[in-house]
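What follows is a single structure, written as structure tokens, with notes after it.
In this chain, numbering begins with 1 at the start of the sequence shown. Order of appearance sets the numbers: ligands from 1, and atoms from 1 within every ligand.
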Amino acid sequence: MIRVLFVCLGNICRSPMAEAIFRSRIEEEGLEGKIEVDSAGVGHWHIGSPPHQGTRDILEKKRIAATGMTARQIEAADWEEFHYIIAMDDKNISDLHTIRMKEGVVVQKLMDYVPAPVQQEVPDPYFTGDFEETYELVREGCEHLLESIKRNQAM
Ligand code: 4NP
């Protein structure tokens with residue numbers, strides 16, 4: 001089983017959006033028994049909260065299930081559980097490196113998987129208010145990430 005953890009700052013806007021999109025793609029491809037997905041935040045402020053209303057609205061509009069997700073904070077033990085820790089921006093990456101580094105665990109930004117991305121980071125809709133823009137970038141990133149995992153794991 002390959003385990004993928006999406007990470008953002010609060011775990012209420014971008015990373016739960018990525019988790020829901022990625023899970024729906026895994027299901028569409030029949031890879032449920034091979035890839036598992038979760039999300040977490042670097043910060044602690046929203047622990048236990050459901051995704052932001054803007055994230056729930058855009059996922060509902062795109063007919064992607066978002067039930068049962070509650071925010072949690074990343075912990076050092078996650079480096080034992082996950083093969084891919086996928087962040088949204090450069091600050092997430094530097095925060096992750098402060099928490100832990102472990103050989104063999106891939107720590108990358110989601111946009112690193114997109115060839116010639118229009119943006120290097122996924123903008124935070126908590127501040128921009130633009131959940132549609134974030135959705136399009138996350139969706140594209142998830143597509144390329146899934147292709148990369150399938151290629152590397154010979155799925
Ligand atoms: P996220 O957005 O990292 O995409 O979940 C944020 C949500 C909450 C806060 C910051 C970013 N906050 O400062 O509370």
Side-chain angles (χ1 to χ4, degrees), residues 2-28 35-102 105-149:
I2 297 297
R3 296 195 181 83
V4 179
L5 182 67
F6 290 104
V7 172
C8 63
L9 183 55
N11 193 211
I12 54 168
C13 297
R14 293 166 295 173
S15 62
M17 191 189 293
E19 178 188 345
I21 293 171
F22 202 70
R23 183 175 291 113
S24 82
R25 289 293 295 115
I26 289 169
E27 289 170 5
E28 281 170 9
I35 307 176
E36 273 180 5
V37 59
D38 191 10
S39 66
V42 169
H44 59 82
W45 314 285
H46 300 283
I47 291 173
S49 299
H52 190 285
Q53 190 63 51
T55 286
R56 282 188 276 161
D57 288 347
I58 190 91
L59 290 172
E60 190 184 332
K61 186 174 157 193
K62 307 290 180 181
R63 309 220 179 288
I64 294 171
T67 45
M69 288 196 284
T70 49
R72 73 170 180 94
Q73 189 173 26
I74 191 162
E75 50 191 19
D78 284 315
W79 272 254
E80 307 294 338
E81 300 295 326
F82 292 93
H83 305 89
Y84 293 83
I85 298 180
I86 305 297
M88 299 297 142
D89 57 38
D90 291 319
K91 181 68 168 67
N92 300 155
I93 293 284
S94 61
D95 287 342
L96 287 170
H97 286 162
T98 335
I99 298 165
R100 188 164 176 186
M101 304 239 247
K102 183 170 184 269
V105 178
V106 175
V107 178
Q108 288 283 341
K109 278 185 297 177
L110 184 58
M111 288 300 111
D112 292 343
Y113 288 87
V114 179
V118 286
Q119 306 204 44
Q120 308 290 334
E121 303 180 295
V122 178
D124 193 341
Y126 191 77
F127 301 110
T128 68
D130 193 342
F131 285 84
E132 186 84 44
E133 173 197 40
T134 293
Y135 174 85
E136 293 303 332
L137 290 167
V138 169
R139 167 116 219 154
E140 189 184 18
C142 282
E143 221 49 65
H144 289 282
L145 173 64
L146 184 58
E147 284 312 311
S148 170
I149 293 174

**Study point:** With sequence neighbours excluded, residues passing side-chain contact (heavy atoms from CB on, under 4.5 Å) with H144
**Key:**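 Scan of H144 (side-chain contact (heavy atoms from CB on, under 4.5 Å), adjacent residues dropped) gives Y113, V114, P115, E140.
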
Point to revise | Pairing residues for D124 by the side-chain contact (heavy atoms from CB on, under 4.5 Å) criterion, not counting sequence neighbours | key: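 side-chain contact (heavy atoms from CB on, under 4.5 Å) check on D124 returns C13, R14, Y126, F127.
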
Check your understanding: Taking only residues two or more places apart in sequence or in another chain, which ones pass ring-ring contact (aromatic ring centres under 6.0 Å, His included) with Y135?
Key ->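 Per chain and number, Y135 pairs via ring-ring contact (aromatic ring centres under 6.0 Å, His included) with no residue.
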
Practice item. Search all heavy atoms of K61 against all heavy atoms of E132 and return the closest pair with its distance. Key: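 Of all heavy-atom pairs spanning K61 and E132, the closest is NZ-OE1, 2.9 Å.
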
Check your understanding: D78 pairs by salt bridge (charged side-chain N to carboxylate O under 4.0 Å, His left out) with which of R72, K102, R3?
Key ->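 Running salt bridge (charged side-chain N to carboxylate O under 4.0 Å, His left out) over R72, K102, R3 with D78 returns exactly one hit, R72.
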
**Study point:** Those protein residues which place at least one heavy atom below 4.0 Å from ligand 1
**Key:**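 Shell around ligand 1 (4.0 Å, heavy atoms): C8, L9, G10, N11, I12, C13, R14, H46, D124, Y126, F127.
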
Review point. Around E60, counting heavy atoms of other residues, nucleotides and ligands shown, do more than 12 lie under 6.0 Å from its CD?
Key: no

